[in-house]
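I have placed the structure first, in the form of structure tokens, so that the comments after it can refer back to it.
Note: hydrogens, waters and symmetry copies are ignored here, and every other heavy atom, side chains too, is used.
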Amino acid sequence: RMAAAASARVGPSRLPATYVEGFHNRDAVSAIEYRKLGKTDMSLAPLGFGGSALSGAFYAVDDSEAISRVRYALEHGPNLIDTAPWHGHGNGETILGRALRDIPRQAYYIATKVGRYEPHPPDMFNFSGARVTKSIDESLERLGLNVIDLIQVHDIE
């Protein structure tokens, strides 16, 4: 068991597949112990970047500062960005999309969520196949991407 767990990690000094020479801070990335996500090929830093703070849902957000914080975080090793359409009703993904324009796509994995959309309780959740597909298309457009690496179901209680 210990051998399997150790082999699932990309230890310090070994660079993950998301490492991009000329973009990342090599010393910072080399110091992180990346871990394989389940049975995927993704090796993730133990700390990711949460996109909800970019949405303005908690406090006013300066777009240029938000964009520079995304870049700084990714340059220093976190390689998973977690976001959702629920974050500021799409605003978080829109700002994140602007931040990602000048960041090499290989430098990160992106996760978003489906299922929770509207602020009014009767319309808040929709897990139908049609709405999930539409949500993924909307997220791709807001993020300016053609691939999302991980889709999660939002608040399936």
Is there a side-chain contact between [X] and [Y] in this structure, where contact means two heavy atoms from C-beta onward sitting under 4.5 Å apart?
X: L143; Y: T94; answer: no
X: N25; Y: D27; answer: yes
X: Y109; Y: L37; answer: no
X: L15; Y: S30; answer: yes
X: L74; Y: I103; answer: yes
X: M124; Y: W86; answer: yes
X: R98; Y: R101; answer: yes
X: V61; Y: S55; answer: no

Could you check whether atom [atom1] of [X] has more than 12 heavy atoms from other residues, nucleotides or ligands sitting under 6.0 Å from it?
X: D41; atom1: CG; result: no
X: Q152; atom1: CD; result: yes
X: N146; atom1: CG; result: no

side-chain contact (heavy atoms from CB on, under 4.5 Å) assessment of N91 paired with L54
CA-CA 8 Å; N91 191 47; L54 302 176; over 6 Å; no
Could you walk me through whether D82 and K113 pass salt bridge (Lys or Arg N to Asp or Glu O under 4.0 Å), step by step?
CA-CA 8 Å; D82 178 63; K113 300 173 192 76; 2.8 Å; yes
Exercise: identify the closest heavy-atom pair between [X] and [Y]:
X: P85; Y: R142; value: CB-NH2, 3.4 Å
X: E21; Y: Y19; value: OE1-OH, 3.1 Å
X: V29; Y: G77; value: CG2-CA, 3.8 Å
X: Y34; Y: A45; value: CD2-N, 3.2 Å
X: P104; Y: V20; value: CG-CG1, 4.0 Å
X: A66; Y: I95; value: CB-CG2, 4.1 Å

Got a donor-acceptor contact below 3.5 angstrom from the S68 side chain to the E65 backbone?
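Yes.
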Under 3.5 Å: donor-acceptor pair, side chain of N126, backbone of R116
no
Under a single-linkage definition using a 4.5 Å side-chain heavy-atom cutoff for Ile, Leu, Val, Met, Phe, Trp and Tyr, are I151 and V132 assigned to the same hydrophobic cluster?
yes
Any chain of hydrophobic side-chain contacts (each under 4.5 Å) joining L47 to I81?
no
side-chain contact (heavy atoms from CB on, under 4.5 Å) for L96 and I67? Distances and angles first, verdict last.
CA-CA 7 Å; L96 185 56; I67 289 167; over 6 Å; no
Salt bridge or not between [X] and [Y]? Use side-chain N to carboxylate O under 4.0 Å.
X: D149; Y: R105; answer: yes
X: R26; Y: E75; answer: no
X: R71; Y: D102; answer: no

Under the criterion side-chain contact (heavy atoms from CB on, under 4.5 Å), I'd like the reasoning laid out for Y108 against L80: C-alpha separation, chi angles, the key distance, then a yes or no.
CA-CA 6 Å; Y108 59 90; L80 176 67; over 6 Å; no
To the nearest 0.5 Å, what is the distance between CG on N79 and CD on Q106?
11.0 Å
From CA spacing to verdict: side-chain contact (heavy atoms from CB on, under 4.5 Å), I148, S139:
CA-CA 9 Å; I148 294 171; S139 289; 4.0 Å; yes
Is it true that the side chains of E93 and T112 contain a donor and an acceptor less than 3.5 Å apart?
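There is such a pair (donor and acceptor under 3.5 Å, judged by atom type) between the side chains of E93 and T112.
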